[in-house]
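Written below as structure tokens is the structure these notes are about.
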Amino acid sequence: MSLNLIMNTASTGLMAAQTQLRVVSDNVSNVNTPGYVRKIADQVAYASNGIGAGVDVARIRLATDRFLQAASLNAEADAGRYGVQSELYDRIQSLLGDPGGSGGLLSQVNSLFSAFSTLSENAISGPYRQQALTQTQALFDEASRISGQIQAVREDADARISAGVARANDLLSQIEAMNVEISRASIAGGDTTGAEAAQASLIDQLSGIMDIRVSVRPVGGVQIRTGTGMLLAGDGHATLEYQRAGSVNAEASFDDIWLTEPRGARRSMLDHLGSGELRGLVDLRDTEAPAASQRLAELVSRIADELNRAHNASTSVPAPNSLTGRNIGTGLEAALTGFSGTTNVAVTNAAGAITARAEIVFSGGSMTINGAAATPANFLSVLNAQLGGAATASFSNGVLSIQSTASGNGVVIADDATSPSQKNGRGFSHYFGLNDLVRSDRPATYDTGLTASSPHGFTAGEALTFRFNNASGARVRDITVQVPAGATMADLVTALNDPMTGVGRVGSFALDAQGRLGFTPAAGQAITYSVIGDTTTQVPSGVSMTELFGLGGGVRASRLDGLTVRSDILAQPSRLALARLDLNAAPGASALAVGDGRGALALGDAGEISAAFEAAGAVGASSMSISRYVSELAGDVGGRAAAAQSRAEASAAVRTEARQRQASHEGVNLDEELVNLTTYQQAFNASARMIQAAKDLYDTLLNMI
């Protein structure tokens, strides 16, 4: 071996040892630095013309493990998703309160019915009446407040989605910038570990926002894709776009999160978002919170309906001078069709004696009033004739009214005890809302009683615009459907389901036996819909098709905002209907008794009578008491909150374990670094002695000349 080769071998060994010692020094100095990844210098043999000529450091790399990194990124995404869901679901649960506690909406439901039960024992008590009315109004006020707070949770989630999109764009931009820096340093043979460590930290932050997959590029740096394979960074970076909603309410619609790949097409990000904070926020905003809001609205609306059922079966003493119904959303003829049983319209004087009476008998599609034949078309004229001028019935803008002629007289509606009137489970007075205790500024129930042959009342050319979303929340399509020229409900349903101009390609609408218009997705399509535009107006009621049939979850959730106890009863509790009319009272004798508490007892028992609840949120239609529904709602919300917390804790534990294993592999071990330090110090010393020996040989040879 020549002296030059010995000198070169020793020199390369010296430089390699210096590099290794510098790497060890960096590792030791960063032993407690969070997120620091241990450096490794890959040392290789150096050859010249096939002869060993020393050693070389091929590259300095980070001690990363791609499998551990992938596990850590997935765990970070799941922790982000379930953590934010648990946080926001806790807020929803706290709003409803503990049904067994003294506060919260659910406990107020029990207090309401208890107040009416107490009133039944002393029906003439003004304070008890006032207390029952106050409890009732307080329930609706609290429900409206909670509904607003749930929408505030959704608005908060929407704001955090917008902020998350902005953060993701910033991180993708920085990651791509690091890719450029790493590639340049790699080509030039420089140390890329600093840029790679900084990039790894950015990737960790991005994984908390969305689920990602990371692969190494041959030219240095990384390529990042969504869990479904959409390119986010690596050859330029993708751009996410999101436009926040304005004022968020139950009927608000939200924009998609749009993804534009590098030099690629623009598409919905929601189809490619499997986990992470964004997925959790979207699920809570679009699914979990609306479901809770819809179930709350269904509960409160059913409470109002059952209170109205009991109140319409009773009357105040003295009876009210007039009865004004609610807007039923249809014409009078369509409303009267389908009734059965017997009801009575009675006029009472100041002493409570019946002075005029019209017995209305519905049977087999026909009707009689005091034995005189009547039809839906001439119902009002026949009824007014049979009342003999003692009272006058009228119908305008979807509202039936009956007014006593004499100012001192009252009007009472009373069903026959053995064959009460009914349509869709409601008596005549209840169906028209003639003596409702609770009013609403919009339809609160959707069993209209309309049939395929009923006139729909909408004007041809008016339109609805539906938005359909898939299971991930991404928009499938918007479809605008126009009201057809045909005037019946059958014509309307056919137009809605037309495969070319309607929704027939994604599902179908159908009218059930109670007159509810429901939507069923096409086979194999897990889609939901909302109404984003409605120009329809029903004649004569003036309500839209969306409000009449409760199309979409938004309008169903918003109905509880308009529920309130009748203002005249709140102002004058003596108008509370607590007595029952005695149809068998002798002529001239009072048919109403002061202190009769049977109506109050019915109001108190309303919470225990089986009621028909419609599907709301993820829960199907059912028949149960209000008290049981309250318990199931509390259990459902509590269970979901507990499940969200459990998932959050489990995903956080998995994240901690994944991070610990990754840190164990990638972190700095002082014992190992001490061994390396000793090894490379000795290697440095050995190379230095070899250089000294070569120098001594050179000196000896020169002295011999």
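Both backbone and side-chain heavy atoms feed into the values below; hydrogens, waters and symmetry mates do not.
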Between R442 and N327, does the side-chain contact (heavy atoms from CB on, under 4.5 Å) criterion hold? Intermediate values first, please. CA-CA 8 Å; R442 70 201 74 177; N327 189 336; over 6 Å; no

Run the side chain to side chain donor-acceptor pair (under 3.5 Å) test on T546 and D534 for me, step by step, so that the C-alpha distance in whole Å, both residues' side-chain angles and the decisive distance to 0.1 Å come before the verdict. CA-CA 7 Å; T546 303; D534 188 350; 2.5 Å; yes

Under the side-chain contact (heavy atoms from CB on, under 4.5 Å) criterion, do L583 and E359 qualify, and how do the steps go? CA-CA 11 Å; L583 293 172; E359 182 184 59; over 6 Å; no

Any chance you could lay out the side chain to side chain donor-acceptor pair (under 3.5 Å) test for N344 and D416, step after step, and finish with the verdict? CA-CA 7 Å; N344 295 267; D416 183 79; 5.4 Å; no

Applying side-chain contact (heavy atoms from CB on, under 4.5 Å) to T488 and S453, what does each step give before you reach the verdict? CA-CA 5 Å; T488 68; S453 60; 5.5 Å; no

Would F116 and L576 count as a side-chain contact (heavy atoms from CB on, under 4.5 Å) here? Give the steps. CA-CA 11 Å; F116 280 114; L576 192 61; 4.2 Å; yes

S394 and S401: CA distance, side-chain angles, deciding distance, side chain to side chain donor-acceptor pair (under 3.5 Å) verdict: CA-CA 5 Å; S394 61; S401 300; 4.7 Å; no

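The shortest distance between side-chain heavy atoms of Y629 and R295 falls below 4.5 Å. Annotation: side chain of I360 is not in contact with side chain of F339 (no heavy-atom distance under 4.5 Å). In this structure, the side chains of L563 and V300 come closer than 4.5 Å at one or more pairs of heavy atoms. Between T287 and T528 the shortest side-chain heavy-atom distance does not fall below 4.5 Å. Considering only heavy atoms from C-beta on, I402 comes within 4.5 Å of I413 through its side chain. Within the 4.5 Å cutoff, no side-chain heavy atoms of L332 are placed close to those of P376. The side-chain heavy atoms of N312 and F428, taken from C-beta on, include no pair separated by under 4.5 Å. When side chains are defined from C-beta on, P290 counts as touching R154, because their heavy atoms get closer than 4.5 Å.
How far CG of L139 is from OG1 of T134: 12.5 Å, rounded to the nearest 0.5 Å. Atom OG1 in T564 sits 6.0 Å away from atom CG in L570 (nearest 0.5 Å). Annotation: the span from I124 atom CD1 to L119 atom CG amounts to 10.5 Å, rounded to 0.5 Å. Atom-to-atom distance recorded for L380:CG and F395:CZ is 8.5 Å, nearest 0.5 angstrom. For the atom pair CG of L511 and CG of L492, the computed distance is 9.0 Å after rounding to the nearest 0.5 Å. In this structure, I569 CD1 and N435 CG are separated by 6.5 Å, a value rounded to the nearest 0.5 Å.
In this structure a side-chain-to-backbone donor-acceptor pair under 3.5 Å is missing from N384 to S381. Using modelled atom types, one side-chain atom of N321 and one backbone atom of S407 make a donor-acceptor pair closer than 3.5 Å. Remark: side-chain polar atoms of N308 are paired, donor with acceptor, to backbone N or O of V438 under 3.5 angstrom. Proximity of a side-chain donor or acceptor of T536 to a complementary backbone N or O of M545 within less than 3.5 Å is detected. Side-chain atoms of H430 never come within 3.5 Å of backbone atoms of G425 as a donor-acceptor pair (strictly under, hydrogens ignored). Checking side-chain atoms of N409 against main-chain N and O of V347 turns up no donor-acceptor pair under 3.5 Å. Formation of a donor-acceptor pair under 3.5 Å by the T459 side chain with backbone atoms of E462 is not found in this model. Of the possible donor and acceptor atoms, one in the side chain of T535 sits under 3.5 Å from a partner among the backbone N and O of A463. Side chain of S627 to main chain of G607: a donor-acceptor pair is present (N/O by atom type, distance under 3.5 Å, no hydrogens or angles). Looking only at distances, a side-chain donor or acceptor of T118 sits under 3.5 Å from a matching main-chain atom of S114.
S144 and S147 are not linked by any side-chain donor-acceptor pair at a separation below 3.5 angstrom, with hydrogens and angles left out of the test. Between T375 and N378, the side chains place a donor N or O and an acceptor N or O closer than 3.5 Å (distance only, hydrogens not considered).
Heavy atoms only, all atoms of each residue included: S421 and D415 are closest at OG-OD1, 2.7 Å. Shown here for A289 and I150, the closest heavy-atom pair between the two residues is O-CG2, 3.7 Å. For the pair A372 and Q386, the tightest heavy-atom approach, listed with the atom from each and the gap, is CB-NE2, 3.8 Å. Annotation for A143 and L296: closest pair O-CD2, 4.1 Å, computed over non-hydrogen atoms. Between A335 and T330, the closest heavy-atom pair is CB-OG1, 3.9 Å. Summarising the geometry of T337 relative to K423, their closest heavy-atom pair is O-NZ, 2.7 Å, with the distance given to 0.1 Å.
Within a 6.0 Å sphere centred on CD1 of I609, heavy atoms belonging to other residues, nucleotides or ligands number more than 12.
Annotation: F509 is in aromatic contact with Y529 [ring centroid separation under 6.0 Å]. Checked against the 6.0 Å centroid criterion, the rings of F466 and F519 do not qualify as a close aromatic pair.
Note on E298 versus R559: salt bridge recorded, some NZ/NE/NH1/NH2 to OD/OE distance being below 4.0 Å.
Stacking of R426 on the aromatic ring of F432 is not recorded, the 6.0 Å distance cut-off and the 45° axial limit not both being met.
Relative ring orientation between H456 and F458 is described as parallel, the plane-to-plane angle staying below 30° on a 0-90° scale split at 30° and 60°.
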